2 protein chains.
Amino acid sequence: MKNSTSYYAKILSEKGLKASHQRIMVLDYLDSHRCHPTADMILSALKQDMPTLSKSTVYKTLNAFVDANLLREITIEDNEIRYEYNLMDHGHFKCESCGQVYDFTIDFGLLKTKDLDGFQINDRNIYFKGVCKSCLDNEQNNV
Amino acid sequence: MKNSTSYYAKILSEKGLKASHQRIMVLDYLDSHRCHPTADMILSALKQDMPTLSKSTVYKTLNAFVDANLLREITIEDNEIRYEYNLMDHGHFKCESCGQVYDFTIDFGLLKTKDLDGFQINDRNIYFKGVCKSCLDNEQNNV
DNA sequence: GTTCCTGCAAAAGCTTTGCAGAAGA
DNA sequence: TCTTCTGCAAAGCTTTTGCAGGAAC
């Protein structure tokens, strides 16, 4: 656990959410790991310590967190929603070989276009796909 | 129909795909409308002229087109894949009010980051969300 | 004591698959 | 003629919903 239970409980109550054990565990997981898991990955990871945790609780928890602006949803592939506890502007890279999602910094101020003059922009997303350095290195070693 | 049947038939055979009536209709629809439909939208539109067209044919056709690099898949929301017949680099804006997807031009050359040095980038996507000009104007008129 | 949350099971959506008949090359 | 495609039905996945019991405040 990266921070104390009361630390996460405070965050939750500030957002008007009850600080249940399950919610604290989910929030802690996302804060500690800083990865980009799907709902199913979170469930699998937390089931080890909470065998009774249910899939629907994980889904409801994540949706509540997104509604409360505590998490961001990431949509790279159509068949999976990923979540992250990092509200700073940044881009995502998904490796087509190993499936891992990497963050990268990017200057969103450069993303200007006249085509959207008069539009209200609420959310900006960038994602790349390709092969990560680690997979490329492995390929070379195996050839 | 924007172009002739033989025009689309040629495109298909160049990609090694048989030029069936259904495939020509799907390709023509995407070329003529230049919108960002889901598989279901395409099915609904084409059913008027082809009542026997089946959902699985539309899905198989779209997947075959994507594999042949004839179309691009767009993933903005998790619960819907959209398709477009426009392989040029550009961004997408989805209006959270009316649901319409707009294209916008953007200089992808500006998207440089040191965080991905050594990575192989195959695909770059940008999408914004917000409220489009037309919905904003309507809001003002109704207040 | 209320209100909100959890967990089970069932339902809902979208997408894929298997297979027999039909159409394209 | 041979290969590939279509369309129906069924299956597969992820996500959502309804509801009764339980936990938080």
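All of these numbers come straight from a predicted model, not from anything done at the bench. To find a chain, count down the sequence lines: A is the first, B the second, and so on, and within it residues start at 1.
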**Prompt:** Which pairs count as ring pair (Phe, Tyr, Trp, His ring centres under 6.0 Å) when at least one residue sits in residues 63-92 of chain B, sequence neighbours excluded?
**Reply:** B/H36-B/H92, B/H90-B/H92
**Request:** Run the salt-bridge test on A/E84 and A/R82 with the 4.0 Å N-O cut-off and return the result as yes or no.
**Result:** no
**Asked** Would you say B/S54 reaches D/dC8's phosphate, i.e. side-chain N/O to OP1/OP2 under 4.0 Å?
**Response** no
**Complete:** Under a 4.0 Å heavy-atom cutoff, the residues of residues 10-26 of chain A touching DNA chain C are A/K18, A/S20, A/Q22, A/R23
**Asked** Does A/Y102 share a hydrophobic cluster with A/F108, counting links as ILVMFWY side-chain heavy atoms below 4.5 Å and allowing steps through other members?
**Response** yes
**Item:** Distance flag, aromatic centroids of B/F119 and A/F128, threshold under 6.0 Å
**Value:** no
**Prompt:** So, the side chain of B/D115 versus the backbone of A/T105: is there a donor-acceptor pair under 3.5 Å, distance only?
**Reply:** yes
**Expected output: side-chain B/T57 to main-chain B/L53 donor-acceptor under 3.5 Å** = no
**Complete:** Between NZ of A/K47 and C1' of C/dC8 the distance, given in whole Å, is 11 Å
**Prompt:** For A/L62 and D/dT16, what is the distance between atoms CG and C1' respectively, to the nearest whole Å?
**Reply:** 13 Å
**Backbone N/O of A/E77 and side chain of B/T75: donor-acceptor pair under 3.5 Å** = no
**Message:** Looking at A/T113 and A/L116, would you say the former's side chain and the latter's main chain have a donor-acceptor pair under 3.5 Å?
**Reply:** no
**Request:** List the protein contact pattern of nucleotides 13-18 of chain C with one symbol per nucleotide (5' to 3'): B for base contact, S for sugar-phosphate-only contact, - for none; contact means a heavy-atom distance under 4.0 Å.
**Result:** -SBBBB
